[in-house]
Amino acid sequence: MNIKAQSLLSLPTKRRTSFSSLSSLSSHLYLLHHRAAPHYLPKARELHALLLTSSLLSSSPPALTSLISLYSKCCCPASALSAFYSSPSPPNLFAWNAAISALSSNTLPADALLLFRFLRSHPSLFPDHFTFPCVIKSISDLGDAGDLKNTHALLFKFGLVSDVFASSAMVNGYLKLGIVDDAEVVFDEIPEKDVVLWNSMVNGFAQMGRFSNAKDYFHRMLEEGMVPSRFTVTGILSVFTSTADLNGGRNIHAFVVKIGYGFDVAISNSLIDLYGKCHDVEEAAEVFESMFEKDIFSWNSIISAFEYSADHPKALLLFRQMLCVGVQPDSITVAAVLPACSQLAALAHGREIHTYLLRHGIRGDAFVDNALMDMYAKCGMLDDARNAFDVMPNRDVASWNIIIDAYASHGRGEDALKLFSAMTTEPDEVTFVAVLSACSHSGLVEIGVKIFEQMKVMPVAEHYLCMVDMLGRAGMLEKSKEMAAAAEKACGVKGWRTYIAACKERGQMERVVEAAERLVEMEPAGSGAWVMAANAYGWVGKYEEVAEWRGEMRRRGVRKVPGCSWVEVAGHGVHTFISGERCHPRAEAIYAVIHELAGWIRDGGCLAQVGLNGPGEYRWN
DNA sequence: ATAGGGTTAG
């Protein structure tokens, strides 16, 4: 046994003989558990067995406490608790505290509180300043405001109101539950505030979205000479990230460098997130490149940063790099990178990522499942999207929105409506956008109008646009125009643009001219309205007006930004077509097909305008 | 011997 104990604990030989065992064993346990993580569990079990056979557990109270704490650090609260309960001698307060802590720090708050109740009915043991922080944390995790206040009162009873540890936990709890006044009372009560207590205020306010309070406390703590910790920095950074305050964030960045936290991984990750959300993707990339050590957060943040800036090719490229350097993507990576595939209609990549998920057993959550479904839908694979929907274990409102929108954009309005009425969650704003666009694309005007009038959410720009579009497509141009005018406040020029498209479709060029003039009035610097008005005059044969509008446009220096579209061709990358250009190597063949299609469309009795775009080419890897 | 904040990503 001794040899085994020696090898396990790496005890020096000399000490082993003087063992009185207790102190040296405990100190080794202590050293061990400071480095503990789940992979230490086998060692912990071996140690446990050893302690049992050597009867140390009954003779040495510290050994029991250390063992409980060790199991806790191994994320094994069940073993911690069983060690506590099976202790040969009655556990002392240290052991009780360690056991309560093991439960509360391993997301078992209810069990921690149960154990606390047992402790409260103990005849000779009383909770102390080590007990309360864990208990208060558990209560806050459960979100019980009444219990929190009762426990606050208990602090008075046990003379712990000025304890900074219990008070930090109290502040966290109160702010988490939105009870600001009491949090501030607790805070003010503490004569010697430490940095953790300050952080609790700053981060608490930051998390509840009271950003100016968070900033106030941050500045106050600096004024009072507190040295901010890393937690302070990440907390205050989240404030500037949430408010998309680039300048405020830059100041913190400078401050971070000044106080020497520039190479902290978590802080750098927060900075990437900050710059990403503020659409300064170059700066985000610079922070990312400067990091010596990148973790999964760094990769996920930088991929998202490129996604925020709609640089989908770069997001995909980074995903590949991530794989190359051997960082395992997780569900968050996947949920960030799948939209890139959707936006690029890059089906091959989407499938590849899906396969990757399955192969590596990455557990899909609602985000991933929704992103997969959306990717299939956006790549035109409606059946695959539907299949993903059908096998999804737990659907949230986004899942329903995505599948309804999928049917809508594939022109399957009836199916979309069927799904809408089968919804098992409350519809939200987005649902109605999808449903209205379904009606719009399938000519279901009456039902669409009824849904619009009766929907239980406040109409926003998107809803109005759907209505303008729906009425316009159905040829109800006067009604469509009324809707565009009514929606001017909500969606500005977009309503008119939609209306104009419908008028063009119907060949109602007078209406186009009229609306385009209104557009130019509203948005004199934008090119779209000018071009549209000029073209519309052309279509009705008023060529002088065309020249006039074009001339005026030139004088004012309004320039047209060419539009572009793209498509992925299996095995040949993504091809982009820019308006007015014909630089694709196979432009001729492509146009031959377009003209053939146009012929079919015309023969089918439809109006068609083709040949406006010219093929270009673009590969993103 | 035991304790509070535990940061950042969809």
Side-chain angles (χ1 to χ4, degrees), chain A residues 22-23 25-30 33 60-70 72-73 80 84 91-102 104-105 127-137 140 160 163-173 175-176 190 194-204 206-207 228-238 241 261 264-274 276-277 287 294-305 307-308 315 329-340 365-371 398:
Chain A
L22 313 183
S23 64
L25 176 57
S26 301
S27 77
H28 277 83
L29 272 167
Y30 183 76
H33 91 224
S60 161
L64 174 63
T65 303
S66 295
L67 183 65
I68 294 170
S69 165
L70 177 59
S72 171
K73 302 258 157 120
F84 173 78
N92 62 12
L93 186 58
F94 285 95
W96 276 91
N97 287 343
I100 293 173
S101 162
S104 81
S105 60
D128 67 356
H129 58 292
F130 277 75
T131 324
F132 275 103
C134 302
V135 169
I136 296 168
K137 181 182 187 305
S140 342
L160 293 167
D163 182 75
V164 69
F165 283 74
S167 297
S168 287
M170 212 70 217
V171 164
N172 281 318
L175 289 184
K176 201 177 277 174
I190 305 299
D194 70 357
V195 67
V196 177
L197 184 63
W198 281 100
N199 288 351
S200 299
M201 293 307 276
V202 174
N203 293 339
Q207 263 159 28
S229 71
R230 284 146 212 269
F231 299 112
T232 324
V233 172
T234 45
I236 194 67
L237 269 177
S238 81
T241 305
Y261 290 156
D264 183 85
V265 177
I267 291 178
S268 298
N269 292 343
S270 301
L271 285 169
I272 295 172
D273 190 37
L274 165 83
K277 293 230 168 80
V287 175
K294 297 167 180 134
D295 61 11
I296 182 85
F297 287 92
S298 324
W299 286 97
N300 289 348
S301 300
I302 191 67
I303 289 174
S304 300
E307 277 295 298
Y308 293 134
D330 60 9
S331 65
I332 289 172
T333 325
V334 171
V337 84
L338 274 173
D365 56 15
F367 275 105
V368 170
D369 290 344
N370 288 341

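Each chain gets a letter, A, B and so on, in the order the sequences are listed, and its residues count up from 1. Keep in mind it's a predicted model, so treat the numbers as computed, not measured.
Note: CG (A:Asp264) to P (B:dG5) measures 18 Å, nearest angstrom. If you measure from atom CG of A:Asn300 to atom P of B:dT8, you get 14 Å, rounded to the nearest angstrom. Atom-to-atom, CG of A:Asn97 to C1' of B:dA3 comes out at 7 Å; the value is rounded to the nearest Å. For A:Ile267 and B:dT7, the CD1 to C1' distance is 8 Å, given to the nearest whole Å. One interatomic measurement links the two molecules: CG of A:Leu93 to C1' of B:dA3, which rounds to 11 Å at whole-angstrom precision. Distance A:Ile272 CD1 to B:dT8 P: 14 Å, rounded to the nearest Å.
At the heavy-atom level, A:Thr232 lies nowhere under 4.0 Å from the strands shown. Using a 4.0 Å heavy-atom distance criterion, A:Asp194 is classed as a base contact. Among the heavy atoms of the strands, none lies under 4.0 Å from A:Lys294. Within 4.0 Å (heavy atoms only), A:Ala169 reaches no atom of the nucleic acid at all. Nucleic acid contact for A:Asp365: base, since at least one base atom lies under 4.0 Å from a heavy atom of the residue. Residue A:Asp330 is classed as a base contact, given a heavy-atom separation below 4.0 Å to a base.
An OP1 or OP2 oxygen of B:dG6 is reached within less than 4.0 angstrom by no side-chain nitrogen or oxygen of A:Lys137.
Evaluation of A:Phe130 against the base of B:dT2 yields a stacking contact (centre distance < 5.5 Å, interplanar angle < 30°). An aromatic stacking contact between A:Phe231 and the base of B:dT7 is absent, as defined here by ring centres under 5.5 Å apart and ring planes under 30° from parallel.
Listed nucleotides: B:dT8, B:dG5, B:dT2. Nearest to the side chain of A:Ser69: B:dT2. Looking at the side chain of A:Ile332, the nearest of the listed nucleotides B:dG5, B:dG4, B:dA9 is B:dA9. Of the candidates B:dG5, B:dA9, B:dA1, the closest approach to any side-chain atom of A:Pro61 belongs to B:dA1. In the set B:dT8, B:dG5, B:dA9, B:dA9 carries the atom at the smallest distance from any side-chain atom of A:Ile296. Listed nucleotides: B:dT8, B:dG4, B:dT7. Nearest to the side chain of A:Pro133: B:dG4. Nearest nucleotide to the A:Ser304 side chain, out of B:dA1, B:dA9, B:dT7: B:dA9. For A:Ser168, taking side-chain heavy atoms from C-beta onward, the closest of the listed nucleotides B:dG4, B:dA9, B:dT2 is B:dG4. Checking B:dA1, B:dA9, B:dT2 against every side-chain atom of A:Phe297, the shortest atom distance belongs to B:dA9.
With hydrogens and angles disregarded, a donor-acceptor distance shorter than 3.5 Å links the side chain of A:Asp365 to the backbone of A:Val368. A:Asn203 places no side-chain N or O within donor-acceptor distance of the main-chain N or O of A:Ala206, the cut-off being under 3.5 Å. The main-chain N or O of A:Thr65 is never found under 3.5 Å from a side-chain atom of A:Ser69 such that the two would form a donor-acceptor pair. In terms of modelled atom types and a separation under 3.5 Å, the side chain of A:Thr232 and the main chain of A:Ser229 share a donor-acceptor contact.
Every residue meeting the side-chain contact (heavy atoms from CB on, under 4.5 Å) condition with A:Tyr261, not counting sequence neighbours, appears here in chain and number order: A:Arg230, A:Val233, A:Val256, A:Ile259, A:Ile267.
With A:Ser270 as the partner, the side chain to side chain contact (heavy atoms under 4.5 Å, CB included) test is satisfied by one option alone out of A:Thr234, A:Thr241, A:Val265: A:Thr234.
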